[in-house]
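Written below as structure tokens is the structure these notes are about.
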Amino acid sequence: MIDPRLLTENPDLLRERLGARSAGAAARLGELEATHLAWKQLKQELDDARHRQGERSQQMKVLRGEEQAALRQELKELSDSLKEKQKLLNELEEKREQLLLFIPNLPQTDVPVGDESCNRRVRAWGTPRSFDFPVAPHWELGARLGILDFERAQRMSGSRFSVLLGAGARLERALVEFMLELHRRAGYIEVSPPLLVKRDAMVGTGQLPNLEADAYKTAGEEPYYLIPTAEVVLVNYHREEILDAAQLPIRYAGATPCFRSEAGSYGRDVRGLIRQHQFTKVEMVQITTPAQSEAALEAITAQAEAILQALELPYQVILLATGDMGFSSARTYDLEVWIPSEDKYREISSCSNCLDFQARRARIRYRAGAEAKPELVHTLNGSGLAVGRTLLALLENGQQPDGSVILPAALRPFLGGAGRLTPAGLEPL
RNA sequence: GGAGGAGUGGCCGAGCGGUCGAAGGCGGCGGUCUUGAAAACCGUUGUGCGAAAGCACCGGGGGUUCGAAUCCCUUCUCCUCCGCCA
């Protein structure tokens, strides 16, 4: 949530920054401003009236007989009008809250303005390998190796599902372990969280109410939501808490399945592992003081890059333009890995600084010192990495003319020393 | 799923329907004393909105009342017992 004080203190800045992101968000501002103003006015009125009520009702316990009856009558009327006003105020507050929840975060000022064509490449690492034989897409490699089964997955679960089998399942497990281990050594605390959360948690990190259509939820009166990313749980873990500045930055890493309905992406990336309803992702989250967050974003990004480098996968770092950023983010770097079969880079990690946007929604604060007032923390998240896409990238980038796949040295300790994937399974090099 | 019990400030814990934002204790902070520390003593110490006056907040929501932490309804969470279960 944006700081509602901006509505009265700096509406021009608000309008300009929201406009940089999308026309729609800026358009909703008018109604929000009007509601906020009406709320403020009524709040003042109600406060004053209540003050009077408090003073007058002190008299009730000293007055007797006629006098008391008269005062009771007077106070009864005051009380009734207060209830009216309170009801109205609640409605205004509710409306303001609803409007605020749909306002996305303000992009930082040095983020390029525009749609995705304005994304800026910050740096690149590694050189895409040149193949002297026709490259196969990962689904063909996977089928030949007997580690990837889309057909049966679709029969039991439908499109956008897959089964990893044998060495494929083991490779996924090794990747998770390899990534978590790297993060653990960098000071991230490993977390194994719930995968089902209450609605409030989804609102807290900004997935809702905006992206309702993309979320899976359980049936029943109070449904659970299936997390679309571990970010939801790693951030909401501290919801409604006041943290100690000495604890910060807090670093968490967790590997979880992620569930996305992918509404609105019909026909895109229908083949292969790129876009699935369920996929495994290792996620990093940092909770920091405002002063720490800028450096923390660079650190999270570097941490995700370290994985790609260790896996010897060529990638580029993209600073997303205002129109391409997620709802809660003020600044996002995407990491894109080289995909030989598509002859281009594809997103494999997204690292965002949400500043105090999520902290305000989830009410996560910290205290700078024993005497200091609580202040909102900053939250950051980054994939490190999307495991399915990593597996896909390893298969394609490591493929050999005979259909086998050479795996990077860094991963071998997690595979019992094996470095080559063949139809027979994992083998030493 | 069934039967009971409990939810009050950072923590523990009191609280008759009327200056209760809430006694007391612990913890924190400041001070006195001390070479220093401990102990003791004194003071101070919640959050939100507001420029301020002030208002709101005793798990959440609703009600009764001139007035609710205190009464009623409802809901959530936790604990105990039974049942079921990986």
When all nucleic acid strands are considered with a 4.0 Å heavy-atom cut-off, which category describes [X]: base, sugar-phosphate, or nothing?
{"X": "A/Gln44", "value": "base"}
{"X": "A/Arg50", "value": "sugar-phosphate"}
{"X": "A/Lys83", "value": "base"}
{"X": "A/Ser79", "value": "sugar-phosphate"}
{"X": "A/Arg365", "value": "sugar-phosphate"}

Which nucleotide, [options], lies nearest any side-chain atom of [X]?
{"X": "A/Lys40", "options": "B/G50, B/U47, B/C66", "result": "B/G50"}
{"X": "A/Arg72", "options": "B/C66, B/C55, B/C49", "result": "B/C66"}
{"X": "A/Gln53", "options": "B/C49, B/G67, B/U47", "result": "B/G67"}
{"X": "A/Lys373", "options": "B/U47, B/G54, B/C49", "result": "B/U47"}

Exam field: side chain [X] to backbone [Y], donor-acceptor pair closer than 3.5 Å:
{"X": "A/Asn105", "Y": "A/Cys354", "value": "yes"}
{"X": "A/Thr322", "Y": "A/Ala20", "value": "yes"}
{"X": "A/Ser261", "Y": "A/Ala213", "value": "yes"}
{"X": "A/Arg17", "Y": "A/Pro107", "value": "yes"}

Review point. Starting at the 5' end of RNA chain B and moving along, which residue's nearest nucleotide shows up first, A/Leu71 or A/Ile242?
Key: A/Ile242
Integer angstrom distance from the [atom1] of [N] to that of [M]:
{"N": "B/C85", "M": "B/G4", "atom1": "C1'", "answer": "23 Å"}
{"N": "B/A53", "M": "B/G5", "atom1": "P", "answer": "46 Å"}
{"N": "B/G60", "M": "B/G10", "atom1": "P", "answer": "13 Å"}
{"N": "B/U44", "M": "B/C26", "atom1": "P", "answer": "16 Å"}
{"N": "B/G18", "M": "B/U32", "atom1": "C1'", "answer": "41 Å"}
{"N": "B/U19", "M": "B/U70", "atom1": "P", "answer": "14 Å"}
{"N": "B/G24", "M": "B/G43", "atom1": "P", "answer": "11 Å"}
{"N": "B/A68", "M": "B/G17", "atom1": "C1'", "answer": "6 Å"}

To the nearest Å, give me how far apart [atom1] ([X]) and [atom2] ([N]) are.
{"X": "A/Asp80", "N": "B/G63", "atom1": "CG", "atom2": "P", "result": "12 Å"}
{"X": "A/Leu42", "N": "B/A56", "atom1": "CG", "atom2": "P", "result": "14 Å"}
{"X": "A/Glu375", "N": "B/U47", "atom1": "CD", "atom2": "P", "result": "12 Å"}
{"X": "A/Glu240", "N": "B/C76", "atom1": "CD", "atom2": "C1'", "result": "13 Å"}
{"X": "A/Leu89", "N": "B/G50", "atom1": "CG", "atom2": "C1'", "result": "13 Å"}

Review point. Hey, is the side chain of A/Lys43 poking within less than 4.0 Å of OP1 or OP2 on B/C49, counting only N and O atoms?
Key: no
Check your understanding: Looking only at side-chain N and O atoms, does A/His51 come under 4.0 Å of OP1 or OP2 in B/G54?
Key -> no
**Study point:** Nearest non-hydrogen partners of A/Leu248 and A/Ile287, listed with the distance
**Key:** CD2-O, 3.5 Å
Review point. What are the two closest non-hydrogen atoms of A/Ser293 and A/His378, and how far apart are they?
Key: OG-ND1, 2.8 Å
